[in-house]
Amino acid sequence: DQQVKQNSPSLSVQEGRISILNCDYTNSMFDYFLWYKKYPAEGPTFLISISSIKDKNEDGRFTVFLNKSAKHLSLHIVPSQPGDSAVYFCAAGEYGGATNKLIFGTGTLLAVQP
Amino acid sequence: DAEITQSPRHKITETGRQVTLACHQTWNHNNMFWYRQDLGHGLRLIHYSYGVHDTNKGEVSDGYSVSRSNTEDLPLTLESAASSQTSVYFCASIDSGANTEAFFGQGTRLTVV
């Protein structure tokens with residue numbers, strides 16, 4: 001039972017254009033959402049996050065949108081750069097104060113073409 | 001700087017052998033996790049711990065075990081390695097409190113032959 005889903009295994013965009021990565025979740029108890037970026041042979045690194053009480057969070061070229069009613073979030077990268085080429089994982093968090101846990105999606109491989 | 005380290009980075013083992021992957025963090029986080037990354041499956045949770053002597057099963061725990069004797073370490077043991085356990089394994093830790101991020105190790109690539 002996949003609680004966090006990324007339905008697009010891969011995405012290719014031109015440099016300078018917008019990249020939109022999507023994520024769906026099923027558990028309404030998730031209260032925090034994160035995006036991670038992963039290069040080959042490295043561990044995932046945190047990119048941006050959003051609390052369930054917000055619908056948008058922006059950090060430079062990266063914006064995350066959350067639609068709680070649809071249980072859907074998306075990551076927008078504008079403008080896309082070749083260095084953004086990586087696997088992007090969506091994660092949903094169960095935060096219990098002392099006990100926090102993240103459930104990850106299947107990942108989307110983004111290729112930004114020069 | 002605080003960090004989370006995994007060892008070894010690469011391991012080849014034979015079917016049926018017991019293997020232990022090490023994870024050490026200096027963040028002083030109570031919450032630690034083991035994930036495996038496989039094509040088409042993303043990062044799947046194997047086991048996790050919310051503190052010393054606490055361990056919990058994740059979605060793909062069969063054939064794996066963990067122990068937590070101190071805050072810094074969460075070793076992952078494959079009791080009898082199988083070819084299906086060939087994968088890249090990541091350890092992670094998260095601080096307590098609201099809205100915190102997870103920090104990952106560099107990963108261990110395990111091949112079972």
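Residue numbering restarts at 1 for every chain, and letters A, B, ... go by the order of the sequence lines.
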Open item on the list: Heavy-atom cut-off 4.5 Å, strictly under: side chain, backbone, both or neither for B:L45 against chain A?
Closed with: side chain

Open item on the list: Tell me whether B:F33 shares a hydrophobic cluster with B:V66, the cluster being built from Ile, Leu, Val, Met, Phe, Trp, Tyr side chains joined at under 4.5 Å.
Closed with: no

TODO: Would you mind reporting whether B:E59 and A:Q3 have side-chain heavy atoms less than 4.5 Å apart?
DONE: no

TODO: Pick one of side chain, backbone, both or neither for A:K101, based on which atoms fall under 4.5 Å of a heavy atom in chain B.
DONE: both

TODO: Heavy-atom distances under 4.5 Å only: say whether B:R9 touches chain A with side chain, backbone, both or neither.
DONE: side chain

Task: A:I18, CD1 atom: more than 12 neighbouring heavy atoms under 6.0 Å - done: yes

Open item on the list: Which residues in residues 43-72 of chain A have any heavy atom closer than 4.5 Å to a heavy atom of chain B?
Closed with: A:G43, A:P44, A:F46, A:S51

TODO: Could you look at B:Q37 and say if it's the side chain, the backbone, both or neither that has a heavy atom under 4.5 Å from chain A?
DONE: side chain

Task: A:L109-A:I77 co-clustered via ILVMFWY side chain contacts under 4.5 Å - done: yes

Task: Heavy-atom donor-acceptor pair, A:N100 side chain to B:G97 backbone, under 3.5 Å - done: yes

Task: Common cluster, B:M32/B:F104, ILVMFWY with side-chain heavy-atom separation under 4.5 Å - done: no

- [ ] Give the cluster check for B:L43 versus B:I4: same hydrophobic cluster or not, with ILVMFWY residues linked at side-chain heavy-atom distances below 4.5 Å.
- [x] no

TODO: Verify, without hydrogens or angle tests, whether A:Y36 (side chain) and B:A102 (backbone) share a donor-acceptor contact under 3.5 angstrom.
DONE: yes

Task: Which atoms of A:F33 approach chain B - backbone, side chain, both or neither, heavy atom under 4.5 Å - done: neither

Open item on the list: For A:F89 together with B:F90, are the ring centres under 6.0 Å from each other?
Closed with: no

Open item on the list: Taking B:F103 as the starting point, is it possible to reach A:W35 by hopping between hydrophobic residues whose side chains are less than 4.5 Å apart?
Closed with: no

Task: Test item: A:L34 and B:E101 side chains (from C-beta on) under 4.5 Å apart, heavy atoms - done: yes

Open item on the list: Is any side-chain heavy atom of A:Y32 closer than 4.5 Å to one of B:T100?
Closed with: no

